[in-house]
J.: 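Take this structure, written in structure tokens, and hold onto it; I'll ask about it next.
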Amino acid sequence: MIKNDIVETVVDMIKEHPESVDVNKRAVAYVADYYPIGKIVVEIHVNVSLLPFDSDVSYYNLLDSGAYSEEGEFVVDMPLQDCGRIISRIFPTDKVGQFTEEQKSDLHIMATMFHFYTGQYKIVSSLKRASMCHYMSGLYNPKGYIIKCMELSQRYNIRDYDSCYFNIKGFGLVNNIFGSHEGDVIIKRYAKDLQNFINEDENVGHLGGDNFVAFVRRTRMDEFLGYIFNYTGYGIRNGKKKEIKLSATIGISPLERENVMPNDIISEASLALSYARQTKQDMVVLNDELKNKLYQRKQIEETFDKALENGEFVPFYQPKVDIRNGKLVGAEALSRWKRDGRLISPAEFIPVLEQNGSITELDFYIFEETCKNLAKWRDEGIKIVPVSINFSRKHLDDENLADRINQIIMRYDVDKEYIVAEITETADYDEKELMTRFLDKMQIYKIKTSIDDFGTGYSSLGILRDFDVNEIKIDRSFINRPEFLESDNVIVGSIVSMANRLHLDIITEGVENKNQVEFLKKLDCYYVQGFLFDKPLPQDEFEERLRIGGYDLNSKEL
Ligand code: C2E
Ligand code: MG
Ligand code: MG
């Protein structure tokens, strides 16, 4: 066989299967029949800065006869642009001791071809692997994680797995104590420990920061939760090793069906985690009921803007009544969402809008509609009454809230005595200053304010002392009882007498029966709002009630 044929055959073999160490070995064995090679070691170095791994040097023994000459080592070293380098160390048999110059020249050609194909393949696969891993921890990134999960679900039954998305609790504090550099190192250790905890048929990924995902066999979930809720690691501070205990907040989606879409694996667990965070729970397991609820919530969020634009939200008005004479003394505007012929109650959409902040837009919309209505009724010669509008505490961050309310009242030219702004009692001490700022400004503008759901917070008495309001609205829980106890008398009685002494208006909500009316009368609390008189009424029915001006207390229904 002539030399060129050997080189060509070897190059063809390598070209065909650059990924196969076996083929490489066979190629080398083939060459070794013609050249006195005792041993070949290949080193592949991948540039570390391109990888999430600390080192990526691989060594292959492509041939080792055991009888080779160290001194005769012939090195072919080839840089692979700036991605790394590949080095072949070729040793002659101990019998020859040295390669001839001609042999070296042939080996150089063959090694170079080998480097070109195999090196390129190795580097590309290392970089491919890197593109699927998180640059810091080396765990799978979302793309790599999903690919690996799908591979596992082809080999095993996906119904046997739970998909988890978790976040280390209070990691900000760890960063503060140890510094962000050591914080990163702690995360790397955490990632490594997770990797060790996870079995071959399971998976774990790092989505960045202190967020991780895991694909765990359901039978191992208790063990896994025990691990992440009670993780013990360490950090180095001032040269000393300090133990760290870490816990987590976790969302879990049990993958109890066949048709799991790749993206569901992360997104469902993520949905469960955000719900866990919103509701301040350590762990939430997604079930069909919760999925539905979260789906509806998403629907509300997504359709809100359009619905507001289309006038799907409308104010209903619930009368406020003086129980001494049945007179209509006011009303409360309560929003309803008219959607596909159905009337959606605020209990369904207000909490969602509170959470994403859109509630502020709705409140102003209901407020403006109410101002428009008051102006219209007045212009039509109907005797109007003061109407309360609910303002969410979410508005308190807006320092211009009172100014905006004032401007709108002016714009619709409504007399200020017909507007009351209701805001719920706050139990949150931090909001106290914001609340004071708002209430004080409202006093300057001479717009009435009312504290809604009074008595449900922790600082009700503090409110009476600290806040300059015009009215308190006693929460319905105080009168919503099968029978009144002496303690109810004392509590409601003292709220009423304090309010009277402070010259505050007082009203009780949720009055449903005559017993409650008698109870309140005895305590000198005369203004009420409740189903006994009317539920919140659509605009035309309320208009009718305005025209009548009140209720006949002697009528049978009352
Ligand atoms: P709220 O401001 O305390 O309003 C009183 C709620 O009690 C109303 O529920 C009303 O229908 C209900 N209610 C009145 N009388 C009775 C009664 O005798 N028995 C019973 N069981 N319930 C009675 P609604 O309309 O479902 O509103 C619920 C809550 O949603 C309101 O509580 C308020 O906090 C909020 N909300 C409603 N509309 C708006 C709005 O436009 N903006 C804001 N920020 N919140 C609103
Ligand atoms: Mg209210
Ligand atoms: Mg209320």
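Note that ligands are numbered from 1 as they come in the structure, with each ligand's atoms numbered from 1 the same way.
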J.: I'd like to know if Glu543 pairs up with Lys376 as an ion pair, taking the criterion as any Lys NZ or Arg NE/NH1/NH2 lying under 4.0 Å from an Asp or Glu carboxylate oxygen.
T.: yes
J.: Output yes when a side-chain donor or acceptor of Asp488 lies under 3.5 Å from a complementary backbone atom of Leu485, and no otherwise.
T.: yes
J.: Does Ala347 come within less than 4.0 Å of ligand 1, judged by its heavy atoms?
T.: no
J.: Tell me which one of Gln318, Glu332, Lys320 satisfies side chain to side chain donor-acceptor pair (under 3.5 Å) with Ser388.
T.: Lys320
J.: Parallel, tilted or perpendicular: which fits the ring planes of Phe215 and Tyr161, with parallel below 30° and perpendicular above 60°?
T.: parallel
J.: Less than 4.0 Å is my threshold; does some heavy atom of Ser345 fall inside it relative to ligand 1?
T.: no
J.: With the threshold set strictly below 4.0 angstrom, can you tell me whether any protein non-hydrogen atom sits that near atom 46 (C) of ligand 1?
T.: yes
J.: Considering Phe531, Phe533, Phe316 one by one, which has a heavy atom nearer to atom 23 (C) of ligand 1 than any of the others?
T.: Phe531
J.: With atoms numbered from 1 as shown, which atoms in ligand 1 lie under 4.0 angstrom from a non-hydrogen atom of Asp453?
T.: 3 (O)
J.: Which label fits Phe304 and Trp337: parallel for a plane angle under 30°, tilted from 30 to 60°, or perpendicular past 60°?
T.: perpendicular
J.: Would you mind finding which of Gln318, His395, Gln529 brings a heavy atom closest to atom 14 (C) of ligand 1?
T.: Gln318
J.: Considering the heavy atoms of Pro536, write down every atom of ligand 1 situated less than 4.0 Å from one of them.
T.: 11 (O)
J.: Is any side-chain N of the basic residue among Glu348 and Arg339 closer than 4.0 Å to the acidic one's carboxylate O?
T.: no
J.: Taking non-hydrogen atoms only, is Gln516 closer than 4.0 angstrom to ligand 1 via side chain, backbone, both or neither?
T.: neither
J.: Using 4.0 Å as the upper bound for N to carboxylate O, is an ion pair formed by Glu268 and Arg257?
T.: yes
J.: Are Glu369 and Lys372 ion-paired here, with the side-chain N under 4.0 Å from a carboxylate O?
T.: yes
J.: Is it true that Arg404 and Asp398 make a salt bridge, defined as a side-chain N closer than 4.0 Å to a carboxylate O?
T.: yes
J.: Any heavy atom of Lys535 sitting closer than 4.0 Å to ligand 1?
T.: no
J.: When you compare ligand 1 with Glu512, is there at least one nitrogen or oxygen pair between them that comes in under 3.5 angstrom?
T.: yes
J.: Can you tell me which portion of Asp452 lies within the under-4.0 Å heavy-atom range of ligand 1? Options are side chain, backbone, both, or neither.
T.: side chain
J.: Tell me whether atom 41 (O) of ligand 1 lies less than 4.0 Å from at least one protein heavy-atom position.
T.: yes
J.: Check Ile359 against ligand 1 and report side chain, backbone, both or neither, counting heavy atoms closer than 4.0 Å.
T.: side chain
J.: Would you mind running through ligand 1 and noting each atom that sits below 4.0 Å from a heavy atom of Val511?
T.: 18 (O)
J.: Which label fits Phe364 and His395: parallel for a plane angle under 30°, tilted from 30 to 60°, or perpendicular past 60°?
T.: perpendicular
J.: Under 4.0 Å, heavy-atom basis, I'd like to know which part of Asn480 is in contact with ligand 1: side chain, backbone, both or neither.
T.: neither
J.: Only one of Tyr527, Tyr551, Phe542 passes ring pair (Phe, Tyr, Trp, His ring centres under 6.0 Å) with Phe533; say which it is.
T.: Tyr551
J.: Touching ligand 1 at all, Arg476? Heavy atoms, strictly under 4.0 Å?
T.: yes
J.: Which residue and atom name correspond to the protein heavy atom nearest atom 43 (C) of ligand 1, and how close is it?
T.: Asp363 OD1, 3.2 Å
J.: Below 30° counts as parallel, above 60° as perpendicular, anything between as tilted: where do the rings of Phe519 and Phe484 land?
T.: parallel
J.: Is a donor on one side and an acceptor on the other found under 3.5 Å between the side chain of Asn406 and the backbone of Ala402?
T.: no
J.: May I ask you to list the atoms of ligand 1 that are less than 4.0 angstrom from any heavy atom of Glu509?
T.: 3 (O), 5 (C)
J.: Please state which protein non-hydrogen atom is closest to atom 8 (C) of ligand 1 and give its distance, to 0.1 Å?
T.: Leu334 CD1, 3.8 Å
J.: Side chains of Asp403 and Tyr445: donor-acceptor distance under 3.5 Å anywhere?
T.: yes
J.: Counting heavy atoms only, which part of Asn390 comes closer than 4.0 Å to ligand 1: side chain, backbone, both or neither?
T.: both
J.: Judged by modelled atom types alone, do Asn480 and Glu512 share a side-chain donor-acceptor pair under 3.5 Å?
T.: no
J.: Measure across Ile323 and Lys521 and return the closest heavy-atom pair with its distance rounded to 0.1 Å.
T.: O-CE, 3.4 Å
J.: Can you count the protein N/O/S atoms lying under 2.8 Å from the Mg ion (ligand 2), leaving waters out?
T.: 4
J.: For atom 36 (N) of ligand 1, what is the nearest protein heavy atom, given as residue, atom name and distance?
T.: Ile350 CD1, 3.8 Å
J.: Before giving the answer on side-chain hydrogen bond (donor to acceptor under 3.5 Å, both in side chains), spell out for Lys245 and Thr232 the whole-Å C-alpha distance, their side-chain angles and the decisive distance to 0.1 Å.
T.: CA-CA 5 Å; Lys245 295 241 179 249; Thr232 309; 3.2 Å; yes
J.: Within less than 4.0 angstrom of ligand 1, does Glu332 place any heavy atom?
T.: yes
J.: Determine, counting only non-hydrogen atoms of the protein, whether one lies under 4.0 angstrom from atom 11 (O) of ligand 1.
T.: yes
J.: Heavy atoms only: which of Ser392, Ser335, Ser450, Pro346 is nearest to atom 30 (O) of ligand 1?
T.: Pro346
J.: Between Lys441 (side chain) and Leu401 (backbone), is there a donor-acceptor pair under 3.5 Å?
T.: no
